[in-house]
Amino acid sequence: MSRSAHPAGPRHADVLPEGHWTAPPADLNALDAKVWSRTVERDTEGAVSVGGIEVARLAEEFGTPAYFLDEDDFRARCRAWRDAFGTEADVFYAGKAFLSRAIVRWLQEEGLNLDVCSAGELTTALAAGMPAERIAYHGNNKSPEEIERAVEAGVGRIVLDSFQEIVRVAHTAERLGKRQRVQIRVTVGVEAHTHEFIATAHEDQKFGIALAGGQAAEAVRRALKLDGLELIGIHSHIGSQIFDMAGFEVSARRVVQLLAEVRDEHGVELPEIDLGGGLGIAYTSDDDPREPHEIAKALGEIVTRECEAAGLATPRISVEPGRAIVGPTAFTLYRVGTVKPLEGLRTYVSVDGGMSDNIRTALYDAEYTVALVSRRSDAEPMLVRVVGKHCESGDIVVKDAFLPADLAPGDLIAVPATGAYCRSMASNYNHALRPPVVAVKDGEARVIVRRETEEDLLRLDVG
Ligand code: LLP
């Protein structure tokens with residue numbers, strides 16, 4: 001790759017690596033409301049606050065790195081989803097995006113249900129008092145113990161993922177003298193990610209039972225015969241970070257076709273369909289996510305139209321957004337440790353966290369943005385890569401971004417839109433201590449998941 005050095009050095013933003021995606025933003029101090037949570041603002045002095053508390057104070061009290069979660073924003077997003085779908089549909093928050101007992105309580109207060117996919121998530125949900133009937137249990141390989149706990153607890157639905165599981169759940173329910181409400185997860189041959197979707201040949205993955213070759217129809221046949229199961233519907237989840245509704249359209253059409261086949265063969269109209277999660281959020285200013293009310297309207301119209309065409313009553317719809325609720329509500333706050341200009345390339349900014357608190361950049365090539373938040377700067381923009389402190393060159397938090405050229409060790413920088421799949425996928429790599437999650441609201445901050453300590457590490461290491 002050819003790169004030419006700017007005479008004034010690499011801190012000047014007009015030297016971009018070949019094929020670089022964008023020019024520096026017009027104003028480095030601006031905070032785009034698309035990617036920052038609702039109560040984040042920069043005051044006239046230049047300091048950034050969330051929930052009415054300045055980040056410098058938060059850093060002092062809670063340390064860095066740390067995730068700060070805007071409770072008002074989280075609750076508002078829950079309400080937006082609940083109101084958009086109304087009483088005719090159910091919203092299940094996907095706990096895998098981020099789960100804690102405080103989150104479970106907020107979900108209850110805001111009228112949402114919860115999707116869990118492991119015994120650990122189920123335990124957290126029940127410990128925080130989520131009524132079992134408002135929980136959906138997922139997973140492609142639920143252990144016998146997990147199935148037993150879910151059935152015993154009385155979860156509202158178990159989403160069946162394989163032929164073996166149909167039998168396992170049925171037997172467990174029968175043994176416990178119960179009839180378990182279940183959905184069958186089908187693979188509709190659609191895979192959608194971000195702006196694109198592919199509508200053929202995506203059965204080659206581990207989840208669900210394929211519609212193709214009549215397998216899903218066979219799964220329904222078996223489930224309907226088993227006394228331990230009450231088959232309430234069909235489930236489909238087509239991918240993540242989706243902006244385009246076309247994939248959902250194909251998925252809904254295929255699920256409704258299956259409902260029609262079931263009616264024709266068994267004389268039964270299954271009352272529910274779940275269209276999964278996967279709705280996209282803005283990680284950078286280039287992303288344009290849809291609002292919950294647009295999504296609800298689009299999905300409702302698609303299902304109603306397809307059902308009318310098939311002569312079916314419209315089933316009750318449910319959805320499972322995770323990222324779209326929690327993703328935009330948090331940012332990760334880091335302290336800058338070193339600033340290393342690489343002549344003609346870019347400046348490497350090392351922070352006190354890294355791939356242990358955000359694996360998404362390394363794992364999915366995810367894009368993030370970053371801002372200097374402890375002060376205002378009118379310095380020139382410089383092209384940076386924000387990296388962590390792990391022993392690995394792929395330890396990148398933000399691949400390409402601009403920060404002011406006077407950035408210095410000790411400054412606080414924040415990466416927005418880290419509420420989903422960051423703390424929940426955090427690791428102890430290099431014996432890093434996983435950061436806390438601090439909820440901020442109306443001038444008050446409280447830890448909802450505490451920072452790990454070295455004692456925590458030693459407690460697991462039995463010597
Ligand atoms: N429902 C089911 C059945 C799912 O498998 C998922 C996500 C969701 C709902 C929630 O999807 P969301 O609305 O949050 O996109 N670690 C990846 C995402 C993996 C998603 C797995 N399933 C990431 O960081 O992008």
Side-chain angles (χ1 to χ4, degrees), residues 67 74 77-78 80-81 84-85 90-99 103 107 112-118 121 135-142 157-162 165 182-188 190-195 197 202 205-209 233-245 247-248 251 255 273-284 287 289-290 292 295-296 299 317-330 332 355 357-368 397 415 417-427:
Y67 307 98
F74 185 93
R77 284 174 197 279
C78 288
W81 278 88
F85 281 85
D90 299 302
V91 181
F92 286 76
Y93 169 76
K96 66 205 85 183
F98 173 63
L99 197 65
I103 292 280
L107 293 171
L112 264 63
N113 308 298
L114 177 63
D115 139 12
V116 300
C117 66
S118 69
E121 289 182 2
I135 299 176
Y137 201 106
H138 272 279
N140 68 299
N141 185 20
K142 306 168 189 80
R157 63 174 74 154
I158 294 180
V159 182
L160 301 172
D161 200 88
S162 65
E165 211 170 73
V182 294
Q183 291 186 339
I184 293 175
R185 177 163 173 178
V186 302
T187 324
V188 293
V190 170
E191 180 161 300
H193 290 291
T194 148
H195 296 278
F197 82 99
H202 277 83
Q205 45 90 13
K206 70 172 182 170
F207 292 109
I209 299 176
I234 301 297
H235 181 286
S236 160
H237 171 79
I238 57 171
S240 314
Q241 186 59 1
I242 304 167
F243 294 102
D244 184 350
M245 297 305 287
F248 285 105
S251 161
V255 167
I273 65 173
D274 188 310
L275 294 172
L279 287 317
I281 63 164
Y283 284 102
T284 74
D287 294 323
R290 321 256 314 233
I295 294 162
L299 292 182
I317 300 174
S318 51
V319 286
E320 299 169 339
R323 183 192 325 261
I325 291 179
V326 74
T329 67
T332 315
M355 65 196 299
D357 59 69
N358 187 350
I359 191 64
R360 297 193 68 260
T361 309
L363 198 54
Y364 313 118
D365 226 8
E367 284 191 354
Y368 285 92
V397 180
V415 175
T418 59
Y421 305 110
C422 287
R423 180 59 181 78
S424 69
M425 293 174 80
S427 78

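Along the sequence shown, residues carry numbers from 1. For the numbers below, each heavy atom of this structure counts, side chains included, while hydrogens, waters and symmetry mates do not. Not measured: the values here are computed from a predicted model. Ligands are counted one by one from 1 in listed order, and the atoms in each one are counted from 1 as well.
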Residue, atom name and distance, where the atom is the protein heavy atom closest to atom 8 (C) of ligand 1: H237 CE1, 3.5 Å
Any donor-acceptor pair under 3.5 Å from T329 side chain to G419 backbone: no
Ligand-side contact atoms (ligand 1) for residue partner P321, heavy atom cut-off under 4.0 Å: 13 (O)
Distance filter under 4.0 Å to E320 heavy atoms, resulting ligand 1 atoms: 1 (N), 2 (C), 3 (C), 8 (C), 9 (C), 10 (C), 13 (O)
Ligand-residue contact atoms, ligand 1 with G277, heavy atoms, under 4.0 Å: 1 (N), 9 (C), 13 (O)
Atoms of ligand 1, numbered as shown, that sit under 4.0 Å from any heavy atom of G322: 12 (P), 13 (O), 14 (O)
Close N or O approach (G278, ligand 1; < 3.5 Å): yes
Centroid separation H235 to H138 less than 6.0 Å: yes
Donor + acceptor pair across side chains of R77, Y93 (<3.5 Å): no
D274 bridged to R157 by N-O distance under 4.0 Å: yes
Atoms of ligand 1 close to A94 [distance to a heavy atom under 4.0 angstrom, numbered from 1]: 8 (C), 9 (C), 10 (C)
Sub-3.5 Å N/O-N/O distance, H138 and ligand 1: no
Polar atom proximity, H235 to ligand 1 (N or O, under 3.5 Å): no
N/O donor-acceptor pair under 3.5 Å between Q241 side chain and I281 backbone: yes
Per-residue contact class, R323 against ligand 1 - non-hydrogen pairs under 4.0 Å: both
Heavy-atom donor-acceptor pair, T284 side chain to Y368 backbone, under 3.5 Å: no
Polar contact flag for Y421 and ligand 1 (N/O pairs, less than 3.5 Å): yes
Protein heavy-atom partner closest to atom 17 (C) of ligand 1 - residue, atom, separation in Å: Y364 OH, 3.1 Å
Nearest heavy-atom neighbours spanning E165 and L160: OE1-CA, 3.4 Å
Under 3.5 Å: donor-acceptor pair, side chain of Y67, backbone of D357: yes
Which residue and heavy atom of the protein sit nearest atom 4 (C) of ligand 1, plus the separation: K96 NZ, 3.2 Å
Contacting atoms of ligand 1, where contact means under 4.0 angstrom from a heavy atom of R185: 3 (C)
Distance from atom 24 (O) of ligand 1 to nearest protein heavy atom, with residue and atom: R360 NE, 2.5 Å
Atoms of ligand 1 close to D115 [distance to a heavy atom under 4.0 angstrom, numbered from 1]: 1 (N), 9 (C)
S251 backbone acceptor or donor facing S236 side chain under 3.5 Å: no
cation_pi(R185, F207) dist<6.0 Å, angle<=45: yes
